[in-house]
Amino acid sequence: MNTVRVLGVDPSLKNTGIAIANYNLDQGDYEIIHIDLFSTEPAKGKVVRKSSDDVERMSIALEGVMATIDKYKPAFAAGEVPVASQSARGAFSNGGCHMMFAAIRWRIPLVQVSPMEVKVASAGPKHAAKEEMIEWAVAKWPGLPWHTYKRLGKMLMHANNEHMADACGAIAAGVKTQQFAQATAMLRQMRAA
């Protein structure tokens with residue numbers, strides 16, 4: 001089969017979701033084969049500097065993403081790039097996310113997509129809620145290791161699935177871009193030669 005791997009990334013300081021897809025160059029479709037979540041918590045107790053703790057937390061997420069790149073060898077990445085913030089702390093987190101994408105670009109080509117593009121390409125509505133994103137991804141790929149918990153004898157989806165669902169959505173949006181179409185066209189030509 002004529003496929004390439006695509007990495008989807010939804011970064012944040014607390015939870016970075018990733019997805020890996022096999023993209024079929026001949027048919028133009030894809031299948032998510034792996035998801036993961038890299039979670040961090042602020043250091044407990046007093047730390048020398050808050051900024052040092054933030055650097056450590058972003059390092060953990062970046063190490064997880066880079067280990068995934070090393071393991072799955074994707075040809076491209078699609079990332080949901082944060083576009084706005086309502087607080088100084090949020091702006092700081094967005095800066096860390098942008099640096100993560102800069103690091104990824106050093107390794108593989110990156111298709112940048114907006115949160116709205118992710119929602120439209122996946123769940124449908126441009127203001128889709130977190131729950132809608134999770135429902136879309138779980139319905140499409142029910143066999144993946146989504147995070148669940150049991151309450152009152154019923155299995156429920158954990159809210160942190162949002163980040164892995166958004167990583168799947170980043171792939172869904174990324175493969176629809178002109179940038180991705182041009183890159184895969186060149187790749188098909190190179191493989192045909």
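Heads up: numbering here begins at 1 and tracks the sequence. The figures that follow rest on heavy atoms only: side chains count, while hydrogens, waters and symmetry mates do not. Predicted, not measured: the structure shown is a model, and the values here were computed from it.
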Quiz item: Do the ring planes of Trp141 and Tyr30 sit parallel (below 30°), tilted (30 to 60°) or perpendicular (above 60°)?
Solution: tilted

Quiz prompt | Under 3.5 Å: donor-acceptor pair, side chain of His98, backbone of Pro82 | solution = yes

Quiz item: Lys130 and Glu162: which non-hydrogen atoms are nearest, and at how many Å?
Solution: CD-OE1, 3.3 Å

Quiz item: Same hydrophobic cluster for Leu7 and Phe180, using side-chain heavy-atom links shorter than 4.5 Å among ILVMFWY?
Solution: no

Exercise. Group every Ile, Leu, Val, Met, Phe, Trp and Tyr by side-chain heavy-atom contacts under 4.5 Å, then state whether Val138 and Val118 land in the same group.
Key: yes

Quiz item: Would you call Arg188 and Asp26 a salt bridge, taking side-chain N to carboxylate O under 4.0 Å as the test?
Solution: no

Exercise. Consider only side-chain heavy atoms of I, L, V, M, F, W and Y, link residues closer than 4.5 Å, and tell whether Val9 and Val111 are in one cluster.
Key: no

Quiz item: Shortest non-hydrogen contact from Lys119 to Ala128?
Solution: CE-O, 3.2 Å

Quiz item: Checking Thr40 side chain against Met58 main chain: does a donor-acceptor pair fall under 3.5 Å?
Solution: no

Quiz prompt | Donor-acceptor pair, side chain of Gln179 and main chain of Leu110, under 3.5 angstrom | solution = yes

Quiz item: Is Ile35 reachable from Trp136 through a run of hydrophobic residues whose side-chain heavy atoms are each under 4.5 Å from the next?
Solution: yes

Quiz item: Do Tyr23 and Phe76 pass the ring pair (Phe, Tyr, Trp, His ring centres under 6.0 Å) test, and can you show the C-alpha distance, the side-chain angles, and the key distance before you say yes or no?
Solution: CA-CA 10 Å; Tyr23 180 84; Phe76 304 99; 8.4 Å; no

